Amino acid sequence: MSRFYITTPIYYVNDAPHAGHAYCTVNADALARFHRLRGDETFFLTGTDEHGQKVADAAAANGVSPQEWTDRTSARFREAWTALNINFDDFIRTTEPRHAVAVQSFLTKIYDNGYIYKDTYVGQYCVSCEDYFTAESAPEGTCPIHGKPLTEMEEENWFFQLSAFQDRLLEWYDATPGNVTPSTKRNEALGFIKGGLRDISITRTSISWGVPVPWDSDHVFYVWYDALINYLTAIGYGTDDARADSWWPSVNHLIGKEIIRFHCVWWPAMCMAAGIEPPAHVQVHGWLLVGGQKLSKTMAQQGQVRLTDIQPQALVAEYGVDPVRYYLLRETPLGTDGDFSLEALVQRYNTDLANNLGNLAARVATVVGSKCGGLSPAVPMDSVLAERAAVAVDAAAAAWENFQPHLALEATWKLIGDTNGFLEDNAPWKMEPGAEVEAVLGSALEALRIVTVLVSPAMPATADEIWRRLALDGTPTSVPLATATAWGQFPSGRAVVKGDPLFPRLATA
RNA sequence: GGGGCUGUAGCUCAGUGGUUAGAGCAGGGGACUCAUAAUCCCUCGGUCGUGGGUUCGAUCCCCACCGGCCCUACCA
């Protein structure tokens with residue numbers, strides 16, 4: 001049995017959970033669910049990033065301690081993930097004691113290995129931002145955010161010798177062609193490395209809300225540097241090395257394209273410096289964009305609509321959890337940008353969910369009711385649908401394994417279409433009760449059962465419900481994929497229930 | 001300024017150095033009536049961003065330009 005470790009980035013608590021977070025997290029969840037179904041030992045990690053000056057400031061502005069503030073803001077993400085039926089195995093917070101242990105252990109290792117040194121950081125500082133800017137990002141000598149003149153400041157910092165890892169990173173990229181996908185993003189990361197690496201400052205003295213530097217109590221680690229280490233904290237680095245070794249480095253980091261540099265350059269170099277293998281795989285996804293689509297009042301603030309105004313819970317409340325999950329997984333391939341629109345969501349809902357899947361389940365149940373007394377007939381082994389199902393299962397499984405949920409769902413929906421076509425070809429509603437109609441409906445029911453298994457990573461609640469209506473034993477995921485999708489298992493004599501429409505059609509604007 | 005990505009039917013996207021460039025949805029027509037006015041079949045539809053170049057031949061290779069976007073290092 002193989003193992004599958006997948007992570008999302010840890011989300012910055014000062015942001016409210018929005019559709020962009022949901023996109024990444026739902027994809028990770030579906031991939032994790034697929035691998036569990038496949039029989040892999042699976043570990044799915046998400047969480048929140050809670051350090052840094054901005055968090056401390058926000059806490060102060062709200063009159064609470066930083067810890068209390070992050071307790072509150074971190075909970076918003078948990079609530080969003082509950083609403084989206086995210087089945088993570090661990091939710092890490094960077095303010096947890098276990099994380100401080102891992103960070104200190106990891107960075108002490110790098111320090112002991114000689115890749116951390118003390119130096120004075122000199123830079124152009126914006127007092128309002130409380131941050132430094134480079135000549136490139138602030139060419140006018142003024143803060144690009146506040147427009148105020150920058151002042152030269154210097155601060156004593158600890159630096160990570162990133163520059164020492166350029167060759168090793170290039171060798172690693174050369175030796176592991178699949179380490180970053182898709183390849184366009186991999187090229188981007190390679191470009192960063194080839195462009196030359198500069199050492200990075202990893203501690204601050206001006207900030208107290210962070211993990212203390214064990215060898216210099218005046219400093220805390222800079223927020224990004226501590227954040228990346230969460231991927232090790234959660235598997236027991238520094239506290240349970242046997243467990244950590246069992247999961248590392250076979251990790252899959254699912255990240256947005258804006259943080260390629262951190263995950264594909266810094267992070268592997270940090271791992272090398274600490275004497276461990278770099279992460280096996282980084283899967284980059286693009287951004288969801290909002291193209292001038294008007295959203296309902298419940299979902300958007302007034303004025304311009306941004307993706308970050310779209311709250312996951314509001315989407316779920318309006319459309320249901322599985323339609324939202326389906327839309328996020330089906331519409332935009334991992335790796336490219338996509339356009340987020342309610343119009344497209346409604347279209348996916350009506351076309352794929354109501355007309356295809358929901359209607360298929362309803363019509364099959366109805367004809368089983370009228371022609372077979374509501375009881376499932378035996379499954380014929382020589383059905384044409386058996387071949388179609390095998391094709392769909394193979395294609396869907398391959399797509400899930402390649403981090404292509406949209407293709408997995410496309411393959412699954414092909415089987416739904418094939419089954420609808422099969423019913424048209426055979427028109428069981430015109431037949432007299434008997435062996436012929438039973439063969440047709442036995443095939444249709446079996447195809448629907450397999451569809452239900454294939455759909456389960458994307459829409460777990462829907463899959464459970466169809467399974468229940470089909471009066472099948474257990475759940476769609478209680479048997480491993482390879483076994484569950486073998487043709488011919490639908491037991492005869494089961495009392496199939498039609499039930500209410502799974503996805504009532506939505507009115508289009 | 002530098003680096004990189006991207007521009008294919010109304011929409012979302014596939015795709016290949018070579019006869020008539022594909023899919024889904026939307027649109028049009030037909031069939032059917034078991035089903036959530038669903039389903040199935042047929043069909044309309046593209047100067048493959050613009051201009052050059054390489055080539056016997058380019059949507060796919062190269063260059064320039066135009067449009068959209070990301071990164072530019074400590075702005076999770």
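Just so it is clear, the structure is predicted and the values come from calculations on it, not from any experiment. Each chain gets a letter, A, B and so on, in the order the sequences are listed, and its residues count up from 1.
Under the 30°/60° scheme for interplanar angles, the aromatic rings of A:Phe340 and A:Tyr327 are found to stand perpendicular. Between A:Phe165 and A:Tyr115, the ring planes are tilted. Angles from 30° to 60° get that label. In this pair, A:Tyr231 and A:His253 present their aromatic rings tilted. The plane angle is within the 30 to 60° band. Ring pair A:Phe91/A:Phe88 is tilted by interplanar angle, where 30° to 60° counts as tilted. Using bins of under 30°, 30° to 60° and over 60° for the plane-to-plane angle, the ring pair A:Trp81/A:His21 lands in the perpendicular bin.
When the C1' atom is compared between B:U8 and B:C48, the two are found 4 Å apart, to the nearest whole Å. Taking the P atom of each, B:C44 and B:A23 are spaced 11 Å apart, rounded to whole Å. Distance check on atom C1': B:U19 versus B:U59 gives 16 Å, rounded to whole Å. Comparing B:U16 with B:G52, their C1' atoms are spaced 23 Å from each other, to the whole Å.
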Would you give me the side-chain donor-acceptor pairs under 3.5 Å for residues 350-365 of chain A, sequence neighbours excluded?
from: A:Asn350; atom 1: OD1; to: A:Leu506; atom 2: N; distance (Å): 2.8
from: A:Asn350; atom 1: ND2; to: A:Leu506; atom 2: O; distance (Å): 2.9
from: A:Thr351; atom 1: OG1; to: A:Gln347; atom 2: O; distance (Å): 3.0
from: A:Asp352; atom 1: OD2; to: A:Tyr326; atom 2: OH; distance (Å): 2.6
from: A:Asp352; atom 1: OD2; to: A:Arg348; atom 2: NH1; distance (Å): 2.9
from: A:Asn355; atom 1: OD1; to: A:Arg505; atom 2: NH1; distance (Å): 2.8
from: A:Asn355; atom 1: ND2; to: A:Asn350; atom 2: O; distance (Å): 3.4
from: A:Asn356; atom 1: ND2; to: A:Thr351; atom 2: O; distance (Å): 3.2
from: A:Arg363; atom 1: NH1; to: A:Asn420; atom 2: OD1; distance (Å): 2.7
from: A:Arg363; atom 1: NH2; to: A:Glu424; atom 2: OE2; distance (Å): 2.7

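Shown here are the ring pair (Phe, Tyr, Trp, His ring centres under 6.0 Å) partners of A:Phe422, two or more places apart in sequence or in another chain: there are none. Legend: residues meeting side chain to side chain contact (heavy atoms under 4.5 Å, CB included) with A:Ala447, ordered by chain and number and at least two apart, are A:Leu385, A:Thr419, A:Trp487. Legend: residues meeting side chain to side chain contact (heavy atoms under 4.5 Å, CB included) with A:Asp71, ordered by chain and number and at least two apart, are A:Gln67, A:Arg93. For A:Lys257, the side chain to side chain contact (heavy atoms under 4.5 Å, CB included) partners at least two apart in sequence or on another chain are A:Lys185, A:Ile260, A:Val284, A:Trp287, A:Asp337.
The phosphate of B:U12 has neither OP1 nor OP2 within less than 4.0 Å of any side-chain N or O from A:Tyr327.
With ring centers used as reference points, A:Trp158 lies under 6.0 Å from A:Tyr111.
Screening residues 178-204 of chain A for ring pair (Phe, Tyr, Trp, His ring centres under 6.0 Å), with sequence neighbours left out, gives no hits. Every pair passing ring pair (Phe, Tyr, Trp, His ring centres under 6.0 Å) that includes a residue from residues 343-362 of chain A is listed here, sequence neighbours excluded: A:Tyr349-A:Phe503.
Paired regions of RNA chain B, where each region holds three or more successive Watson-Crick or G-U pairs whose two hydrogen-bonding distances fall under 3.5 Å, are B:1-7 with B:66-72, B:10-13 with B:22-25, B:27-31 with B:39-43, B:49-53 with B:61-65.
Shown for residues 7-15 of chain A: residues whose heavy atoms fall under 4.0 angstrom of RNA chain B, namely A:Pro9, A:Ile10, A:Tyr12. Non-hydrogen atoms lying under 4.0 Å from RNA chain B are contributed by nothing in residues 159-166 of chain A.
As judged by a 4.0 angstrom heavy-atom cut-off over every strand, A:Ile202 is placed among residues making no nucleic acid contact. Heavy atoms of A:Gly196 sit under 4.0 angstrom from at least one base atom.
A:Thr46 pairs in a side-chain contact (heavy atoms from CB on, under 4.5 Å) with only one of the listed residues (A:Thr8, A:Ile92, A:Ile10), which is A:Thr8.
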Distances under 3.5 Å between protein N/O atoms and the N/O atoms of nucleotides 69-71 of chain B, please, pair by pair.
from: B:C71; atom 1: O2'; to: A:Arg261; atom 2: NH2; distance (Å): 3.0

Seminar exercise, completed: Readout for nucleotides 33-43 of chain B: B = base within 4.0 Å of protein heavy atom, S = sugar-phosphate only, - = neither; 5' to 3' it is SBBB-SBS---
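No side-chain heavy atom of A:Trp267 sits under 4.5 Å from any side-chain heavy atom of A:Phe262. Considering only heavy atoms from C-beta on, A:Tyr12 comes within 4.5 Å of A:Lys54 through its side chain.
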